[in-house]
Amino acid sequence: MPRNAPVRKSLPQLDQRIEAAVGHSIDRLWQHRDRDLLDEPHTQLADAHRALVQAETTVVFYRSQLSSLSSGEYPVDGALFERIERTVALLEDAARTRDERQAHAVAALEPIEAAAQDKAPRDVPDLPAPDIAALLAITQGAKLHQNLLTQQLYVVTASGTRIPHSQLQRLEEDRLVVRDTSHSVTAGQPVTLTDTGRAVLTAPRSPRAPGAVPAPRPGTWPAATPARR
């Protein structure tokens, strides 16, 4: 869920530190968390940051409410003083919670910052878009099946997408996915991403030059559509 503008303005320095450490935007970090693509340190960071944003949203809400109460819209009487006093108390509690969660987020961020400084960028393959699409489909759940009549092998994902066996073999050769061979192909062999496969999806990708379209590798899915003249 995208964060609203007031909250974005409230956490600029921490957001910049997180984006610098992970190599991409906060929104993308949250997306990777929702898809269960992150390792444990990054998962803790994403959860801590999301909790912080929720706390900051509460601070913004009570601050806006206090501003409304003091805007001159309401008559100045005992009821107004009680509402202001109650709102100030709620704002103080919300600010304390926000500060605690910010400390947790910073604590989760510091080991990732240290690791990013100590090691070189991860050596992950630069895959074409069809292979990236296949990996994303596999994250939803996938199995390798064999047709009993044709003996043809193919991968079916939870969303119903079919991935050619040749593409699966290539992803296996690159050590991006792994099959659970304890199951038969007739029953369906579960296919999951390896740590390297998850790293490919979460690693920053450099933008391509305008108009530059990489040639698809043989057997990739989905097939490239020839340009019309």
Side-chain angles (χ1 to χ4, degrees), residues 1-118 122 132-133 135-137 139-141 158-159 193 198-207:
M1 179 178 63
R3 296 162 295 146
N4 56 40
V7 175
R8 286 180 181 272
K9 292 179 180 179
S10 301
L11 305 171
Q13 294 183 340
L14 182 60
D15 281 9
Q16 290 174 5
R17 285 179 59 185
I18 292 175
E19 290 176 347
V22 302
H24 46 70
S25 69
I26 296 292
D27 290 337
R28 188 175 174 190
L29 176 68
W30 284 18
Q31 292 171 2
H32 291 164
R33 174 65 181 96
D34 293 339
R35 293 174 176 173
D36 198 23
L37 297 175
L38 302 176
D39 57 17
E40 185 61 25
H42 287 79
T43 296
Q44 292 180 1
L45 173 61
D47 290 345
H49 183 268
R50 184 168 283 176
L52 170 60
V53 169
Q54 291 172 348
E56 182 63 26
T57 300
T58 304
V59 170
V60 171
F61 171 77
Y62 287 123
R63 186 170 56 194
S64 299
Q65 193 173 63
L66 185 61
S67 177
S68 175
L69 291 173
S70 60
S71 65
E73 179 181 354
Y74 303 96
V76 180
D77 54 17
L80 176 62
F81 293 144
E82 289 180 4
R83 291 185 64 185
I84 290 177
E85 184 177 358
R86 185 166 58 250
T87 302
V88 169
L90 292 171
L91 179 59
E92 289 177 344
D93 289 342
R96 280 194 292 269
T97 300
R98 185 270 318 274
D99 293 344
E100 292 173 358
R101 293 186 179 182
Q102 181 163 343
H104 292 159
V106 171
L109 172 62
E110 288 175 345
I112 296 176
E113 286 181 321
Q117 294 175 357
D118 292 343
R122 288 176 293 185
I132 294 294
L135 292 178
L136 287 171
T139 62
Q140 304 171 22
S159 62
L193 267 60
R198 293 188 184 90
V200 168
L201 294 180
T202 58
R205 288 188 285 275
S206 57

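As the structure is a prediction and not an experimental result, all values here were calculated from the model. Quick note: residue numbers are just sequence positions, from 1.
- The side chain to side chain donor-acceptor pair (under 3.5 Å) check on Arg96 picks up Asp93, with sequence neighbours excluded.
- Atom OG1 of Thr58 is separated from atom CG of Leu90 by 10.5 Å, given to the nearest 0.5 angstrom.
- Of all heavy-atom pairs between Gln102 and Leu14, the closest is CG-CD2, 4.4 Å.
- Sorted by first and then second residue, the salt bridge (Lys or Arg N to Asp or Glu O under 4.0 Å) pairs with a member in residues 64-90 form an empty list; sequence neighbours excluded.
- Between atom CD1 of residue Ile112 and atom CG of residue Asp39 there is a gap of 7.0 Å, rounded to the nearest 0.5 Å.
- Exactly one of His42, His24, His49 qualifies for a ring-ring contact (aromatic ring centres under 6.0 Å, His included) with Trp30. That residue is His49.
- With sequence neighbours excluded, the residues satisfying side-chain contact (heavy atoms from CB on, under 4.5 Å) with Ser25 are Glu19, Asp27, Arg28.
- At a threshold of 4.5 Å between non-hydrogen side-chain atoms, the residues Val53 and Ile26 do not count as touching.
- Between the CZ atom in Arg35 and the CG atom in Leu201 there is a gap of 8.0 Å [rounded to 0.5 Å].
- The two residues Leu38 and Ala46 have their closest heavy-atom pair at CD1-CB, 4.1 Å.
- Using a 4.5 Å cut-off on side-chain heavy atoms (C-beta onward), Tyr62 and Val88 make no contact.
- Listed by chain and residue number, nothing satisfies the side-chain contact (heavy atoms from CB on, under 4.5 Å) test with Ser67 (two or more places apart in sequence, or in another chain).
- We find the CG-OG1 distance between Leu37 and Thr139 to be 5.5 Å, quoted to the nearest 0.5 Å.
- Of all non-hydrogen atoms in Gln140 and Ala158, the two that sit nearest each other are O-CB, 3.3 Å.
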Check your understanding: What do the steps show when you test Ile18 against Leu29 for side-chain contact (heavy atoms from CB on, under 4.5 Å), and what is the final call?
Key -> CA-CA 9 Å; Ile18 292 175; Leu29 176 68; 4.0 Å; yes

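- Nearest heavy atom pair, residue Ala108 against residue Ala48, reads CB-CB, 4.4 Å.
- With sequence neighbours excluded, the residues satisfying side chain to side chain donor-acceptor pair (under 3.5 Å) with Gln44 are Glu40.
- A salt bridge (Lys or Arg N to Asp or Glu O under 4.0 Å) check over residues 97-109, counting only residues at least two apart or in different chains, returns the pairs Glu56-Arg98.
- Here CZ of Arg50 is found 4.5 Å from CG of Asp34. Values are rounded to the nearest 0.5 Å.
- At least one side-chain heavy atom of Ile132 sits less than 4.5 Å from a side-chain heavy atom of Val200.
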